[in-house]
Amino acid sequence: MELDFKCSDVGVWKEALSSYESRIESLNKPDLVSLDQFYRVKLPSLLHDRDPDPYLTTSELSQLMKWKLSRGKWRPRLLDFVSSLDDSVVKSASEKAFKSLPDISKAVKELTVLKGVGPATASAVLAAYAPDIAPFMSDEAMEVALGNSKDYSLKQYLLFVTKLQDKSNELKLKGEWDGPSDVERALWSCTVRAKSQPEKSSSGKKRKR
């Protein structure tokens, strides 16, 4: 099932979202299922347990990076960069970032001072703490929402946030819907499924590529 970003049927979006876990499993990547559980369940809990002064540790940032790279494109140098960061530096930068919310631009800038952390990784950090404010900037969701997944700038991320926030608000008017991070996961799920299925011509034969 392909998901048109213009679609306003909340039932279609819920169906896409409900397939998320099975899509994660279908990738058959080492540790991705456990990393996804860490990112979506354990990490948010850890961060909110530290309220009113939440922060991220180097170990947690490293696990988050493993999740991001396993779910998307593997770039080992990024993992090496963040794993070697001093814990006090990561704690300081992340604490400033979380305190900056809901100013997403300021929050991203506080995180991108860390070596190996660009706007996409910063968005993953923010989404773990405030999924209702800052969705993760995945290639798959960017491609559907913006038609471009190659621009990882802050400007592009802010445009992406606006698009997903608007879509989330639209879906909330149609029925029960949580927020922009669920829009991202629904788009990711449909894109991964589409990529896993061979293209077919109208005659039903596989198209040569």
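Atoms considered below: every heavy atom in the structure, side chains included; atoms not considered: hydrogens, waters and symmetry mates.
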With sequence neighbours excluded, tell me which residues meet salt bridge (Lys or Arg N to Asp or Glu O under 4.0 Å) with Glu140. none

Cation-pi geometry met for Lys167 and Phe5 (6.0 Å, 45°):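 Checked: cation-pi criterion met.
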
[X] side chain to [Y] main-chain N or O, any donor-acceptor pair under 3.5 Å?
X	Y	result
Ser100	Asp103	no
Arg23	Val192	no
Ser92	Val89	no
Ser181	Asp132	no
Ser168	Leu164	no
Lys29	Ser70	yes
Ser94	Tyr55	no
Ser45	Val41	no

Derivation and outcome, side chain to side chain contact (heavy atoms under 4.5 Å, CB included), residues Thr57 and Val90: CA-CA 6 Å; Thr57 66; Val90 174; 5.8 Å; no

For the residue pair Thr162 and Gln165, establish whether any side-chain heavy-atom pair is separated by less than 4.5 Å. no

Taking C-beta and beyond as the side chain, do Arg193 and Ser19 meet within less than 4.5 Å on heavy atoms? no

Determine, for [X] against [Y], whether the closest basic-nitrogen to carboxylate-oxygen distance falls under 4.0 angstrom.
X	Y	result
Arg77	Asp80	no
Asp139	Lys150	no
Arg71	Glu184	yes

Over all heavy atoms of both residues, which pair between Pro119 and Thr112 is shortest? Give the atoms and the distance, please. N-CG2, 3.8 Å

Between [Y] and [X], is there a side-chain donor-acceptor contact under 3.5 Å, judged purely by atom types and distance?
X	Y	answer
Asp87	Thr58	yes
Asp51	Tyr129	yes
Thr191	Glu143	no

Suppose the criterion is side-chain hydrogen bond (donor to acceptor under 3.5 Å, both in side chains): which pairs have a residue in residues 34-44, not counting sequence neighbours?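 Counting only pairs at least two positions apart or across chains, the side-chain hydrogen bond (donor to acceptor under 3.5 Å, both in side chains) contacts touching residues 34-44 are Tyr20-Asp36, Glu21-Arg40, Asp36-Arg40, Asp36-Trp67.
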
Could you walk me through whether Val161 and Tyr157 satisfy the side chain to side chain contact (heavy atoms under 4.5 Å, CB included) test, starting with their C-alpha distance in whole Å, then the side-chain angles of each, then the deciding distance to 0.1 Å, before giving a yes or no? CA-CA 6 Å; Val161 169; Tyr157 177 56; 3.4 Å; yes

If I take atom [atom1] from residue [X] and atom [atom2] from residue [Y], how far apart are they, to the nearest 0.5 angstrom?
X	Y	atom1	atom2	answer
Leu158	Ser105	CG	OG	5.0 Å
Lys14	Leu171	NZ	CG	9.5 Å
Ser83	Lys66	OG	NZ	6.5 Å
Gln63	Leu56	CD	CG	11.0 Å
Trp13	Ser18	CH2	OG	13.5 Å
Met142	Phe160	CE	CZ	7.0 Å

Residues, nucleotides or ligands: over 12 heavy atoms within 6.0 Å of Lys115 NZ: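 No - once you tally the heavy atoms of other residues, nucleotides and ligands closer than 6.0 Å, there are 12 at most.
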
Could you walk me through whether Ile24 and Trp188 pass the side chain to side chain contact (heavy atoms under 4.5 Å, CB included) check? CA-CA 10 Å; Ile24 286 285; Trp188 181 89; 3.5 Å; yes

Pair Lys163, Asp166 - check salt bridge (Lys or Arg N to Asp or Glu O under 4.0 Å), show working. CA-CA 5 Å; Lys163 293 272 285 188; Asp166 289 348; over 6 Å; no

Tell me which one of Leu114, Val117, Leu111 satisfies side-chain contact (heavy atoms from CB on, under 4.5 Å) with Val125. Leu111

Before you tell me yes or no, could you show the steps for Glu110 and Lys106 under salt bridge (Lys or Arg N to Asp or Glu O under 4.0 Å), namely the whole-Å CA-CA distance, both residues' side-chain angles and the distance that decides it to 0.1 Å? CA-CA 6 Å; Glu110 294 289 2; Lys106 188 173 188 298; 3.2 Å; yes

Please lay out, stage by stage, how Phe81 and Met65 fare under the test side chain to side chain contact (heavy atoms under 4.5 Å, CB included). CA-CA 10 Å; Phe81 286 148; Met65 183 64 85; over 6 Å; no

